[in-house]
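Count residues from 1 along the sequence.
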Amino acid sequence: MIPGKYRSVSGRAANNVNCGLHLVIQTSSLPEKNKVEFKLNKDTSSFPGRLLQHDLERNYSSRQGDHINLVSSSLSSFPILQRSSEEKILYSDRLSLERQKLTVCPIINGEDHLRLLNFQHNFITRIQNISNLQKLISLDLYDNQIEEISGLSTLRCLRVLLLGKNRIKKISNLENLKSLDVLDLHGNQITKIENINHLCELRVLNLARNFLSHVDNLNGLDSLTELNLRHNQITFVRDVDNLPCLQHLFLSFNNISSFDSVSCLADSSSLSDITFDGNPIAQESWYKHTVLQNMMQLRQLDMKRITEKKRLTINNVARQWDLQQQRVANIATNEDRKDSDSPQDPCQIDGSTLSAFPEETGPLDSGLNNALQGLSVIDTYLVEVDGDTLSLYGSGALESLDRNWSVQTAGMITTVSFTFIEFDEIVQVLPKLKIKFPNSLHLKFKETNLVMLQQFNALAQLRRIDQLTIDPQGNPVVNFTLWKYYVLFRLSHFSMQKINGTEVTQNDMIMAERLFGILAHVASSELPQYRLISILGDARKKQFRYLLESKGKKPGIINEENNDSKRLVGENTNRATLNYTTRDFYNEKLEEIKEKKKFCKTYIEDLVKEATEINMKNEALQKLWPQMFIELVRDAVIEIRNKNSYMKLCLQQITDQK
């Protein structure tokens, strides 16, 4: 349901339901000739056909001769509605009093089964005299003069309340309407959203064309899917991220001037359709990019589908990828020239510093430079969630894994697709992928520069993989005949079901073990123990110690079951030694090793220097010691030669100390 179309829907329903009623107004108990009678060729209720379709399934054909009487009573200032018995039987659940110039709601007795009641286009100023209609589901008071919401406390079954185009200044007195499904308050004088937090079943809320200056206090509307706030004076929005089911939000023609004032929208995981047209923000050059970048799940912006944006962005990402690959190819060519031209400085070619990696290269040729500068920075990556699939285009999309994904959205993702992203960059975010999307079972790689079997080792750190799809485009590794068998061998602990859409059989697993089992054994046996332990995780370290302990035992002591366990543990541990080190990680390790070497060298030099000084002092002491010993003995003999004098001297020293 699109907000603002309640009446058009009602009108269509009305055209099909012509009751042919007659309204008789009687001012007093006068003779029959004084009655004023006029024919009512109006529709029944104008209620949202989509929500109450089951109530309109009956085909009411045009009938003539049925009567409704509004009779004034001497005991009350309100007219009393009367319908014929035939009319009550035919239309027992609905009643329309549209365009009758009513200023008050008439007393409706004997109509306890009414479900749909229509008072559209009258002059009613107050809701009253309907408290007895406790089975009422839909109440339409559109286009009246009501100033306060009241008189509804007994209508606990009410699901649709249409109060658009009235004079209401405050949302109030809805405490008992906990079953409301649609609340239309557009075209009133409301300045604040309030007193609706208890409407946990409300799905549609229309507050267009009011005097709202801000949006907040929406907590508790857990079922709200559509919120219409067009044509207000809104400057900022809050609490929308607390609406778990909100899909459509209409903010057109307000006073929103910055994305910061609506930043909570970025945290909404369910929002798929939003409008900002008619706001100052929509005039900014950065508007669409900022909205699309921060609200990755949008399907429509300003009533336009985002397919065009997706197409342009992917094209831009593809162009940037191609330029980067051409850049790497040029670097490789220059490296070959450098190797062949021995007289040149090994680090210089034509005055430009070159390196094995693009990040360290000098200036590009003018054509590549111009092409790169022509690309918009804002269109170099794309993140898309489509059902259970998360698609990432361009390396910048990897940053989306750092955002706060809702538990519902993250749990729904089972497939993750990487396109136009270097595999080495993907490896760095695999731990985040495992944590953020614990149910991801299927990985897809296209244009990711998978060039060697060793790169598949990095996937072993994930929680689980059931399917793996490696597109031949941009992944030369698929040209290797045995690449699938290596994947099955290295990732055997995942028990993969499909590779590139083909079912994995038991024969495939056996062949993988035969082809690469010896490789893992050699890799683990050739590594020193300290290196092997550093590669393994904590759990694997225990397994490895178990293997070392069991090696020392004599044959025959370990039973057959333990032998099987040992074989299985050994296979898993051996596979763990087949790991993959990315270029960046390798460079970091080199720097770390250099720092450690520098520290060790300085430390050893200090130790040697200190030992040398100690040795020199020791040698000097050995030379001086004989003479020092003689002098010590001589002084002692002289001092105690006269015993009495020595004792007096000692006593004197003790006295002086006190």
Residues F119 and L117: closest non-hydrogen pair is CE1-CD2, 3.4 Å

D277 and S252: side-chain donor and acceptor closer than 3.5 Å? yes

Kindly check if the number of other-residue, nucleotide or ligand heavy atoms within 6.0 Å of CD (E399) is above 12? no

ring-ring contact (aromatic ring centres under 6.0 Å, His included) involving F418 - partner list, sequence neighbours excluded: F445

Classify the angle between the aromatic ring planes of F253 and H231 as parallel (below 30°), tilted (30 to 60°) or perpendicular (above 60°). parallel

Out of curiosity, L102 CG to T125 OG1, how far, rounded to the nearest 0.5 Å? 11.5 Å

Main-chain N/O of M412 paired with D388 side-chain donor or acceptor, under 3.5 Å: no

Between CG of D140 and CG of D143, what distance do you get to the nearest 0.5 Å? 10.0 Å

Nearest 0.5 Å, what's the CG-CD1 distance between L139 and I130? 4.5 Å

Hey, are H442 and T414 close enough side-chain-wise for a donor-acceptor pair under 3.5 Å? no

What's the separation between atom CG in L251 and atom CD1 in I281, rounded to the nearest 0.5 Å? 10.0 Å

Determine whether a donor-acceptor pair (N or O, by modelled atom type, separation under 3.5 Å) exists between the side chain of N195 and the backbone of S172. no

Examine the side chains of N197 and N217 and answer whether a donor and an acceptor come within less than 3.5 Å of each other. yes

Between N144 and Y142 (side chain of the first, backbone of the second, donor and acceptor by atom type, cut-off under 3.5 Å), is there such a pair? yes

Using a strict threshold of under 4.0 Å (side-chain N to carboxylate O), is an ion pair present between K432 and D402? yes

Heavy atoms of N188 and I168 approach each other most closely as OD1-N, 3.0 Å

Over 12 non-hydrogen atoms of neighbours within 6.0 angstrom of NZ in K169: yes

For the atom pair CD (Q467) and OG1 (T502), what is the distance rounded to the nearest 0.5 Å? 10.5 Å

Within the side chain of S138, is there an N or O that forms a donor-acceptor pair under 3.5 Å with the backbone of L116? no

Once you round to the nearest 0.5 Å, how far does OG1 of T225 lie from NE2 of H248? 6.0 Å

Is it true that a side-chain atom of K436 and a backbone atom of R403 form a donor plus acceptor pair closer than 3.5 Å? yes

Examine distances only and state if a side-chain atom of N279 and a backbone atom of N254 form a donor-acceptor pair shorter than 3.5 Å. yes

Return the orientation label for the Y393 and F420 ring planes: parallel under 30°, perpendicular over 60°, tilted otherwise. tilted

Could you walk me through whether L218 and V240 pass the side chain to side chain contact (heavy atoms under 4.5 Å, CB included) test, one step at a time? CA-CA 7 Å; L218 296 173; V240 171; 4.0 Å; yes

Against L161, only a single residue in D184, V182, L174 fulfils side chain to side chain contact (heavy atoms under 4.5 Å, CB included); can you say which? L174

Can you check whether K444 reaches D471 side chain to side chain, under 4.5 Å on heavy atoms? no

Within a radius of less than 6.0 Å around CD of E503, do more than 12 heavy atoms belonging to other residues, nucleotides or ligands occur? yes

Can you find a heavy atom in the side chain of L185 that is under 4.5 Å from one in the side chain of I149? yes

